[in-house]
Amino acid sequence: MQQPTDFQLIVTLDGLRVSVVDSFEFGPESVTLLRSGEYRIDVQPVLSTSSGEVGFDVWREDIPHSQAVLQEQAEAQATLSKKSRGLDDIKRSLDLWQQLEDSFSIARTHLKIGDNRLAVGDPSVARDSYEKALELCIALFDNRCIAEAANNSGLTSEQIGDFPVALERLERAAEGWKRESNLLFEGRTLSNLGLLFRRTGDFRQAISFYGRARQVLQKVDAVSYARVLNNLGLCYTSLTEYDRAASYINLALTIYRVHRSEE
């Protein structure tokens, strides 16, 4: 199944629930059926905030039994690793996808490893994992995957002080999100570019990117929009334009108070 949003697949066999598959946040999601019987597969969005009707593509494929057994194990382990976010679980998942030579799943599992390493404060190793994912995503010509990997590589590159690579990756990600018509992620990546230039002391460039992020995020995410306004205020503070800074920061505070529960 090609999922346009993050879905989980609830599998029922002869009236009894047998598994829930939720391997990845984006891209194809598969469920392997090994036993005979009457199946029902319910497709549900992972986030309760999802609303409205969402279309998706579904296809069926017959595969050899030995591959199916391994595929079912890979789906279960990927689901476990997505929930636990534990490094050992993710590495076991990676090993199974590598045995299956499933490049797309390998790429997305490298993204999971990167997220795990970033969460424990190791941006250098996280960047290596994001770069492995990016290389695979480029080879697969998958724009959504490229944008995700490039954004994350850009963020970690910025954290370790590799600003030229950070700039290239974030600009690539912003273009990718734009092609995907994903306003939320496009806006957040533009905000990341603003942060990059703020860290290098180029406040005018930072203001330019924050301004673009502001225009996009105002339509889709009030809290992220407020965060950008606050960062604009910080930029103008650094430029000693205090009245302008105060106006942005006060507006950000107003929005935060109204949408505090959405953080």
Side-chain angles (χ1 to χ4, degrees), residues 1-11 17-34 41-50 66-137 140 142 144-160 162 169 173 184-185 188-189 192 262-263:
M1 183 190 77
Q2 181 66 38
Q3 52 177 350
T5 189
D6 189 4
F7 288 140
Q8 60 182 355
L9 309 179
I10 301 171
V11 184
R17 178 182 291 193
V18 292
S19 66
V20 176
V21 177
D22 178 22
S23 302
F24 299 105
E25 293 180 356
F26 69 91
E29 192 81 73
S30 65
V31 58
T32 304
L33 309 176
L34 284 174
I41 300 177
D42 291 304
V43 181
Q44 295 182 353
V46 171
L47 298 177
S48 59
T49 54
S50 300
S66 58
Q67 179 183 342
V69 171
L70 188 59
Q71 182 88 18
E72 185 183 52
Q73 294 172 1
E75 292 159 358
Q77 186 62 38
T79 299
L80 173 62
S81 72
K82 186 184 175 194
K83 290 182 179 179
S84 75
R85 302 180 186 272
L87 185 60
D88 289 341
D89 287 337
I90 300 171
K91 285 184 173 179
R92 281 193 284 271
S93 175
L94 179 62
D95 178 65
L96 289 166
W97 293 123
Q98 287 173 332
Q99 290 181 56
L100 287 163
E101 300 181 346
D102 186 333
S103 296
F104 202 177
S105 295
I106 292 168
R108 289 175 293 171
T109 306
H110 280 303
L111 289 174
K112 289 182 182 179
I113 293 175
D115 292 346
N116 173 276
R117 294 297 85 197
L118 186 60
V120 298
D122 195 348
S124 181
V125 174
R127 202 264 290 265
D128 290 343
S129 293
Y130 292 141
E131 284 290 302
K132 289 177 182 176
L134 179 58
E135 182 179 354
L136 287 167
C137 297
L140 292 164
D142 188 278
R144 170 67 173 79
C145 189
I146 291 170
E148 180 94 11
N151 177 75
N152 295 354
S153 177
L155 276 177
T156 48
S157 295
E158 181 266 329
Q159 289 184 23
I160 64 178
D162 193 346
R169 296 293 188 265
L184 176 60
F185 284 8
R188 288 178 177 175
T189 297
N192 291 337
E262 297 178 20
E263 287 194 273

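All values below were derived from every heavy atom in this structure, side-chain atoms included, with hydrogens, water molecules and symmetry-related copies excluded.
- Summarising the geometry, atom CG belonging to Asn152 is positioned 10.5 Å from atom OG belonging to Ser157; distances are rounded to the nearest 0.5 Å.
- Distance check: Leu70 CG to Leu100 CG gives 4.0 Å after rounding to the nearest 0.5 Å.
- Using a distance-only test at 3.5 Å, with no hydrogens or angles considered, a donor-acceptor pair links the side chain of Lys112 to the main chain of Ala78.
- A salt bridge between Arg108 and Glu148 is absent, with no side-chain N of the basic residue lying under 4.0 Å from a carboxylate O of the acidic one.
- The shortest heavy-atom contact between Thr156 and Pro123 is CB-O, 3.6 Å.
- Taking CD1 of Ile90 as the reference point, atom OG1 of Thr109 lies at 8.5 Å (rounded to 0.5 Å).
- Residues Phe104 and Pro28 share a closest heavy-atom pair of CE1-CD, 3.1 Å.
- Atom CD of Glu25 is separated from atom CG of Leu111 by 9.0 Å, given to the nearest 0.5 angstrom.
- Considering only heavy atoms from C-beta on, Ser81 stays 4.5 Å or farther from Arg92 through its side chain.
- Taking 4.5 Å as the limit, every side-chain heavy atom of Asn151 sits out of range of all side-chain heavy atoms of Ser153.
- Residues Trp97 and His110 form no side-chain contact, since every pair of their non-hydrogen atoms from C-beta on lies 4.5 Å or further apart.
- Note that CG of Leu118 and OG of Ser129 are 10.5 Å apart. Values are rounded to the nearest 0.5 Å.
- Counting only heavy atoms from C-beta outward, the side chains of Leu155 and Tyr130 never approach each other to under 4.5 Å.
- With contacts defined as side-chain heavy-atom distances shorter than 4.5 Å, the pair Ser103/Leu140 qualifies.
- Between Lys82 and Asp6 there is a salt bridge, with a side-chain nitrogen of the basic residue lying less than 4.0 Å from a carboxylate oxygen of the acidic one.
- Between the side chain of Gln77 and the backbone N or O of Asp89, at least one donor-acceptor pair lies under 3.5 Å.
- Heavy atoms only, all atoms of each residue included: Val46 and Gln8 are closest at CG2-N, 3.9 Å.
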Using the rule given for side-chain contact (heavy atoms from CB on, under 4.5 Å), can you reason through Leu9 versus Val43, listing the C-alpha separation, both sets of side-chain angles and the distance that settles it, and then say yes or no? CA-CA 5 Å; Leu9 309 179; Val43 181; 3.8 Å; yes
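- Between Leu87 and Asn116, the closest heavy-atom pair is N-ND2, 3.5 Å.
- Contact detail for Gln71 and Thr32: the closest heavy-atom pair is CG-OG1, 2.9 Å.
- The pair Asp162-Arg127 meets the salt-bridge criterion, since a charged nitrogen lies less than 4.0 angstrom from a carboxylate oxygen.
- Within 6.0 Å of atom CD in Glu135, 12 or fewer heavy atoms from other residues, nucleotides or ligands are found, so the atom counts as exposed in its surroundings.
- The shortest distance between side-chain heavy atoms of Arg169 and Leu134 falls below 4.5 Å.
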Ile41 and Val21: CA distance, side-chain angles, deciding distance, side-chain contact (heavy atoms from CB on, under 4.5 Å) verdict: CA-CA 10 Å; Ile41 300 177; Val21 177; over 6 Å; no
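- Shortest non-hydrogen contact noted between Ile160 and Ser124 is CG2-N, 3.9 Å.
- Atom-to-atom distance recorded for Asp95:CG and Ile106:CD1 is 10.0 Å, nearest 0.5 angstrom.
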Any chance you could lay out the side chain to side chain donor-acceptor pair (under 3.5 Å) test for Ser23 and Glu29, step after step, and finish with the verdict? CA-CA 7 Å; Ser23 302; Glu29 192 81 73; 3.1 Å; yes
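- Formation of a donor-acceptor pair under 3.5 Å by the Asp22 side chain with backbone atoms of Thr79 is not found in this model.
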